[in-house]
Amino acid sequence: ARGTLLHRLFELLPDIEPAARAAAADSYLARLLPDLSDGNRIALVESIVALMARPDLMLLFSPAARAEAAIVGSVTTAGGQSISISGNVDRLLVEPGAVTIVDYKTAAHPPRSVPQKYVLQLALYRAVLSRLWPDRPVRAAVLWTATARFDEVAEDVMDATLAAYLEDVDAGTEPLDHKIEIDDRP
């Protein structure tokens, strides 16, 4: 439940003026997580606001980015098999020099690194978006809402993950209708 509430908070805060975000986040958390100690709530608010204020992430958490952006397209294997891709990313920022996608994950205790299933999810979304914006790189990251941790996934890691997946599809070890569990919300 906490992760889901924080997921929603990350959806709401970008529409609030940066100077008012801490007060809004504190009020939201105090109301919806009353068992969270004042110290823990304040620390969480500070980490969320600090993350959103990072110079490299400010545009991502501004009205310039889209929330809950639908992604629909396909990826073709070397063997010619077409894989349909559809889903939503929590934040999509299209800039003249790059495209950035971020998916929020609500795990109460995030793993040390992004799990393979999430890397594959982001790699598939990135492949679809790269066809829409072939002139710019597509960056991808996971935001762990419970801890306000932002993990960008390296391009070479996504490339290798996607290549292995597509080879497995061609080899018949991954079905074309493969469903990826892309969200850990209850």
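Excluded from the calculations below are hydrogen atoms, water molecules and symmetry mates; all remaining heavy atoms, backbone and side chain alike, are included.
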Over all atoms of both residues, closest heavy-atom pair of [X] and [Y]:
X: Ala148; Y: Leu143; result: C-CD1, 4.1 Å
X: Thr145; Y: Thr106; result: OG1-CA, 3.5 Å
X: Gln81; Y: Val169; result: NE2-O, 3.5 Å
X: Arg149; Y: Ser113; result: NH2-N, 4.5 Å

So does [Y] get a backbone contact from the side chain of [X], meaning a donor-acceptor N/O pair under 3.5 Å?
X: Arg91; Y: Val102; value: no
X: Thr161; Y: Met158; value: no
X: Thr173; Y: Asp168; value: yes
X: Asp90; Y: Tyr104; value: yes
X: Ser27; Y: Ala24; value: no

Would you say [X] and [Y] make side-chain contact, with heavy atoms under 4.5 Å?
X: Tyr165; Y: Val75; answer: no
X: Leu92; Y: Ile71; answer: no
X: Val128; Y: Val72; answer: no
X: Pro14; Y: Met52; answer: yes
X: Leu44; Y: Leu6; answer: yes
X: Ile83; Y: Leu166; answer: yes
X: Asp151; Y: Trp144; answer: yes
X: Leu51; Y: Phe10; answer: yes

Heavy atoms from other residues, nucleotides or ligands near CZ of Arg66 exceed 12 (cutoff 6.0 Å): no
Measuring from atom [atom1] of [X] to atom [atom2] of [Y], what distance do you get when rounded to the nearest 0.5 angstrom?
X: His7; Y: Leu5; atom1: NE2; atom2: CG; result: 11.5 Å
X: Phe61; Y: Arg21; atom1: CZ; atom2: CZ; result: 8.5 Å
X: Leu162; Y: Tyr125; atom1: CG; atom2: OH; result: 13.5 Å
X: Asp170; Y: Thr77; atom1: CG; atom2: OG1; result: 3.5 Å
X: Ser86; Y: Leu124; atom1: OG; atom2: CG; result: 11.0 Å
X: Asp35; Y: Asn40; atom1: CG; atom2: CG; result: 11.5 Å

Grouping I, L, V, M, F, W and Y whenever their side-chain heavy atoms are under 4.5 Å apart, do [X] and [Y] come out in a common cluster?
X: Ile42; Y: Leu13; result: no
X: Ile16; Y: Val45; result: yes
X: Leu12; Y: Leu32; result: yes
X: Val49; Y: Met58; result: no

Evaluation steps, side-chain contact (heavy atoms from CB on, under 4.5 Å), between Arg126 and Asp159: CA-CA 9 Å; Arg126 179 175 170 258; Asp159 290 342; 2.6 Å; yes
Non-neighbouring partners of Arg136 that pass side chain to side chain contact (heavy atoms under 4.5 Å, CB included), sequence neighbours left out: Val94, Val99, Trp133
